[in-house]
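Remarks on the structure that follows.
Each chain gets a letter, A, B and so on, in the order its sequence line appears, and its residues count up from 1. Everything numeric here is computed off the predicted structure, so don't read it as measured data.
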Amino acid sequence: MKLIPGLVKGLAVTGATVVRTVFPKRGLRTLIPAPSKGADTVQYPHVKEAPPTRARGVIALHEGNCTACMLCARECPDWCIYIEGHKEKAPPRRPGGKPRLVNKLDRFDIDYALCMFCGICVEVCPFEALFWSPEYEFSEPRIADLLHDKSRLSEWMETVPDFEDYETGSVAKKLKVPPT
Amino acid sequence: MTATESEQLRYIAAQAADARVNLEIETEGMTLNIGPQHPATHGTLRIVVKLDGEQVIEAEPVMGYMHRGYEKLAEVRTYPQVTTLVNRIDWLGSFANEVPFILAAERLMEVEAPPRAQWIRTILFELSRIANVTLFLGDMAVQVGAITPVFFAFRDREHVLNQIESATGGRFHPNFDRIGGLKDDLPAGWVAETRQAMVKIRSFCDQISELVEGNEIFQARTRGVGVVPADVGLSYGLSGPNIRASGVDWDVRRDSPCGLVYDQVDWKVWTHPGCDSFARFWVRLQETREATKIVDQLLDDIPSGPTMAKVPRIIKVPAGEAYVETENPLGVMGYYVVSKGDLVPFRVKIRSASFSNISIVPWLLRGVYVPDIITILGSLYFILGDIDR
Amino acid sequence: MSDLLVAQNVFFGLIAVVMLVSAVRCVTTRNVVHAALWLVLVFAGSAALFILLGSEFVAVTQVLVYIGAIIVLFLFGVMLTRASMGDDASVASEKRAMAALVAVLLAAVMGLALFDSFSDTRLVIDEPQRFGVVSDAIFSQYIVAFEAVSVLLLAALIGAIVIARKD
Amino acid sequence: MTAVLEIAPFAILADLAYWQVTSIRAIAGLAAVLLVAGTLVYVHLFKLVSFMQSRLGPMEAGPYGSLQLLAETGKFLQKEDIIPRRADRFVFCTAPFVVLVSTFLLVVVLPAGPDAWFISNDLGIYLAMAVSSVSVIGILMAGWGSASKYSLIGGLRATGQLIAYELPLLLAVVGVVIQAETMNLQSIVLTQAEGEIFGWSGIGNPFILTQFLGFAIFMIALQAELTQTPFDMPVAESELVTGYMTEYSGLRFLLFFIGEFATAGVFSAIAAVLFLGGWYIPGLDAGSELFNVIGPLVLVGKVVLLSLLIFWFRFTFPRFREDQLQKLAWKYLIPLSLANIFVTAVLKVLW
C-alpha cells in the first residue's frame with residue numbers, strides 16, 4: 001500500500017501547474033497573478049515565434065546567380081519548380097574580349113502548394129542561387145497565390161539570415177550569403 | 001499455431017469469467033465501425049468489430065485508407081529523393097525513418113559515415129524517439145480519458161522538436177541524412193540547448209509518472225488488458241517496446257547496432273513481465289528516460305571531424321541488395337533495398353513496425369469490451385503512416 | 001377559494017386530455033420506444049393530478065419511481081433487446097382481444113373500487129399534505145401492508161436474480 | 001442597512017400580482033441557471049483547465065476572453081442543425097429539451113436567501129432528486145433517436161450509470177435529512193446556520209463536518225451523475241465520440257452543452273446547500289435582510305468552489321471502465337452510504 005494514493009498525486013500535479021501558471025513570479029511579487037507569463041503557450045498573432053536560422057521556411061532566389069541550369073527543377077521530387085530561360089549575349093568580361101553567351105532567367109516559379117520543403121533544390125544548386133529563409137507566414141486564401149514567381153522569390157532574399165557558426169569539433173566550412 | 005490458440009482461449013475465458021452475458025438469451029450481434037474517422041485511430045485506420053453487447057466477438061482492422069505507395073514511389077525516385085519520402089512514414093519520429101534506408105544504401109555503396117556523423121545520427125535518432133514516445137505517453141492517457149497529460153506531452157515535446165529543427169531545419173521532416181554522412185554539421189550552442197531539453201523531458205517523465213502511471217484508475221484500466229504472451233507476440237512479429245513489454249529482451253539497438261553508436265554508451269534495455277497495456281506504457285516511459293540518458297552521454301563526447309564521407313556528387317548505387325533494420329520508436333523498421341546499379345533503387349521493401357504491431361489486433365481484441373479496444377489500440381501505439389506507407 | 005377551484009378544474013381537464021391522448025397513443029403506436037415515451041406523459045399527468053390533490057409526496061414519488069426508474073428500465077430493456085429503428089409491424093398486432101379484455105376488466109375493477117370508497121366523498125384540500133402525515137400513516141396504520149409489500153419486492157428481486165443467473 | 005432594503009425591490013415585490021411574481025421568478029430561474037452555467041464554463045472550462053495544462057485558454061474575445069462564451073453561442077446558433085436521415089426526428093429533436101427541463105426544474109427548490117427562494121416547502125431535496133432522474137429519459141431518447149451505434153451505446157451506458165449512481169446520491173442526502181430533520185432546503189440551511197458544534201456556534205454547524213462521508217459520497221455520485229471524467233464512459237470522446245451527443249449539432253448540441261454545465265452548477269448548489277450551509281456565511285445573523293442580497297452571491301461562490309473540485313477531478317483523471325464504475329457504485333458507495341445512514345440515525349436517536 002502506497003503512502004499517498006496516486007489520485008492525490010495526480011491532483012497535486014495539475015494543481016501545481018495551475019499555481020505555476022497563474023503565479024509565475026518569484027520573490028516579492030509572487031502573489032501577483034500573471035498567467036500570460038506563466039503559460040507555456042504564446043499568443044501567436046501577437047507574439048511571433050522565432051524559428052531557428054536553419055529552419056526551412058521558404059525558399060529565396062538570388063536571381064543574379066541563377067543560370068537556369070534546371071538542376072533544381074530536375075531534382076525536385078514533386079516537380080514544383082518551373083524554369084524558363086533564354087540565351088543572351090552579354091558584354092565581354094574583360095575589355096576587348098569576345099561577347100559571351102549567358103543564360104538569362106525568364107521565369108522561375110515555385111509552387112508552394114506542391115513543395116514538400118525537402119531542401120533538395122537548395123542543396124543541388126551549383127551556383128548558390130537558392131537559399132532557405134526561416135520566414136513562415138506566407139499562407140494564402142487562394143491556392144493559386146501559393147505559386148511564387150521570380151520577383152516574389154527574390155524578395156525573400158532579404159529575410160535570409162547569415163549562416164550560423166558550427167558547434168565545436170566541426171570541420172565544415174561556413175558558407176556566405178550573397179548580399180541582395 | 002496451437003500455443004497461440006490455447007493462450008487465446010485461456011485469455012478469453014479469463015476476460016469473460018466475471019461478467020459474461022448469458023449465452024442462452026438470444027441477442028442480436030452488432031457491427032460497429034471504429035474508424036476510419038475516429039479519435040482513437042490516430043488517422044484513418046478502420047476496425048470493424050462485431051459486438052455482443054459490449055463484448056467483441058470479432059475484430060478486423062481494415063487498412064489502406066492512407067496508402068501512399070512509398071515502395072512503388074521509391075522505384076522512380078533517386079536515392080536522395082527517397083530520403084525525403086521515407087521521412088513521412090512515421091511522421092512523429094521521422095528522422096528515424098531515414099536512417100535504415102541510408103544505412104542500407106551505404107552498405108551497398110560500401111561507404112561508411114565518419115564517426116562524427118554516426119554520433120550525430122544516433123543523437124538525432126534518439127531525439128526523434130523521444131519526440132515520438134512523449135506523444136504516446138500523453139496520447140495513451142487521452143485514450144483512457146485523461147485530457148491533461150497530452151497537453152504536457154505536446155508542451156515538452158516542443159523542446160525536442162526545437163532541437164531537431166535547429167539542427168536539421170525541418171521540424172517534422174528533417175531530411176538530414178545523406179548517403180555517406182549528414183547534410184550539415186550541428187550549429188553552435190546546440191549541445192548545451194539539447195542538454196537543457198533533456199532535463200525538461202526528464203521532468204516531463206516524472207510528471208507523467210505521477211499523473212498517469214501511478215494513478216489507480218489508469219492502472220485499473222490498463223493492467224490485465226490486452227495481454228500479449230511473449231510467444232504469441234513473437235509469432236505475430238511484434239517488435240520494439242510492444243514485445244519488450246511481454247518480457248522479451250530484444251532490442252536491435254543493442255543486439256545489432258549497425259551504423260549507429262549505441263555500443264559506445266552505457267544504457268539498459270527495459271523489459272516488463274506484465275505483457276499488458278500497462279506494461280507497454282511503462283516500458284515506453286522508461287525508454288524515454290533511457291533515451292535522454294543516451295543523448296546526454298553521446299553529447300558528452302561527439303568526436304570532431306567531417307560529417308560527410310567522400311561520395312560522388314551523382315549517386316549511383318552499385319548492383320546488389322541489402323537489408324538493414326533499426327530499432328525505431330515504434331519498433332523494428334527495416335529497408336530491403338535492391339539496386340541494379342541505377343540512379344534509382346530497383347526495389348525497396350519497407351518493413352514498418354506498426355504494420356506488424358497491429359497484425360495482432362484481431363487476436364487481441366477477441367473477447368474484450370469496447371472500452372478496452374481503445375486501451376489496447378492506444379497501448380499498441382501505431383502511426384497510420386507507418387501502417388499504410 | 002372558488003377561484004382556486006376553477007383553476008383546479010381547468011387544469012384537471014387539461015391534464016386529463018393529455019393523459020387520455022397519450023394513453024391512447026401509447027397502445028396504438030407501432031414503435032415500442034414511442035409507446036414507452038407516451039407512457040412517460042401518462043405518468044407525468046398522474047403526478048400532476050396528485051399535485052392537484054395536494055399529495056405532493058405521492059406526486060414526487062410518482063416522478064421518481066415511475067418516470068425516473070420504471071420507464072427508464074423499460075426503455076433500457078427495449079433498446080438492449082431490439083434496437084430496430086422506426087415502426088415495427090409485429091408490435092400490437094397479436095393478442096389484441098386479450099389485451100382489450102384485460103384492460104376492460106382492470107378498468108372495471110379499479111372504477112368499482114374507486115366508486116365504492118369515494119362515491120360521495122368531497123375531498124377538501126386546504127393545504128398540501130405534509131410528509132410527516134404520510135410517514136406516520138405508513139409506519140403505524142399501514143405497517144403490515146408496507147412490510148408485506150417490502151417482502152414481496154424483496155422476493156421478486158431475489159427471484160429476478162435467480163432467473164438471470166443460470167450458472 | 002435594513003431600512004434601505006425596505007424600500008429596495010423587496011418591498012415592491014409584495015404588492016405584485018401573481019403572474020408578475022411568477023414571471024419574475026421564471027426570469028430569475030433562467031438567470032440563475034444560465035449565469036451560473038456561463039460562469040462555470042468561463043472560470044473552469046476555459047480558464048482553470050487551461051491553467052492546469054499551462055496554457056491561457058481563450059484570450060481574444062473580450063478582455064481576457066470573457067466574451068468567448070457569447071462568441072461560442074453565436075457560433076452554435078449559426079451552425080446547421082443536422083438530423084440524421086434514419087433518426088427518429090421527434091425523439092431526436094425533443095431529447096435536449098427534456099434534459100434541459102430537468103435542469104431548470106432542479107433550480108426551483110434552491111434557496112438563495114431568507115426570502116429569496118422559488119418554492120419553499122417540504123418537498124425540497126426529494127423533489128430535486130426526483131426531477132433530476134428525468135434527465136435520464138432525455139439521454140436515452142438522444143441515444144436511441146440518433147440512429148447511431150455510438151449514440152446507442154452511449155445512451156445505454158449513461159442510463160446504466162445514472163441509475164447506479166442515483167442511489168448513492170439519494171442515500172447520501174438521507175444522512176443530512178436525518179440530521180436536519182427536514183427535507184426543506186431552506187430549513188436545512190437554517191439548521192446549519194443556527195447549529196452549534198459542542199456548544200460553540202461560531203461557524204454554525206455545516207453538515208460537511210458531521211456528514212463528511214455523506215459529502216464525499218455525494219460528490220463522487222455527483223461526478224457520475226454529471227458524467228464528468230472519472231465516470232464519463234457514456235460520453236467518452238476517445239471511444240464513443242461523445243456518446244449520445246454524437247449526432248447533435250448546432251442549437252441542439254448547445255442545449256446539451258448548457259444542460260451539462262447548468263446541471264453541474266445546480267447540483268453543486270444543492271451540495272453547497274446540503275453540506276456547506278447554502279447562502280449562509282458565519283458571523284452574520286441568518287435572519288438578516290442582508291442575506292437576500294449577498295445570499296445569492298455567497299451561494300454562487302460556494303458553487304464555484306465545489307464545481308472547482310468537480311472540474312479538477314475531471315481534467316486530472318482517466319476514466320473508469322463501465323464495469324469498474326458499476327462495481328464502485330454497487331460494491332462500495334451504496335453500502336457505505338447505507339452505513340452512513342445507519343450511523344447517523346443511531347447517533348441521532350442517542351443524542
> Any idea which heavy atoms bring D/Phe261 and D/Ala37 closest together, and the distance?
Replying inline: C-CB, 4.0 Å
>> Which atoms of B/Phe152 are under 4.5 Å from chain D, going by heavy atoms: the side chain, the backbone, both sets, or neither?
In response: side chain
> With a 4.5 angstrom heavy-atom cut-off, which part of B/Leu377 approaches chain D: side chain, backbone, both or neither?
Replying inline: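 Contact with chain D: none, neither part.
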> When only pairs under 4.5 Å are counted, which of D/Arg55, D/Arg314, D/Arg319 shares the most heavy-atom pairs with chain B?
Replying inline: D/Arg319
>> To the nearest 0.5 Å, what is the distance between OG on D/Ser132 and CG on D/Leu170?
In response: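 Going from the OG atom of D/Ser132 to the CG atom of D/Leu170 covers 7.5 Å.
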>> Is it the case that over 12 heavy atoms from other parts of the model lie below 6.0 angstrom from the CZ atom of B/Phe154?
In response: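 12 or below, so no.
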> With no hydrogens and no angle check, do the side chains of B/Arg221 and B/Thr375 hold a donor and an acceptor under 3.5 Å apart?
Replying inline: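 There is such a pair between these side chains.
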>> If we count only N and O atoms by modelled type, under 3.5 Å, do the side chains of B/Tyr65 and B/Arg46 hold a donor and an acceptor together?
In response: yes
> Who among B/Pro149, B/Ala141, B/Ala220 has the most heavy-atom pairs with chain D under 4.5 Å?
Replying inline: B/Ala220
> Given a strict heavy-atom distance threshold of 4.5 Å, which part of D/Gln324 is in contact with chain B: side chain, backbone, both, or neither?
Replying inline: side chain
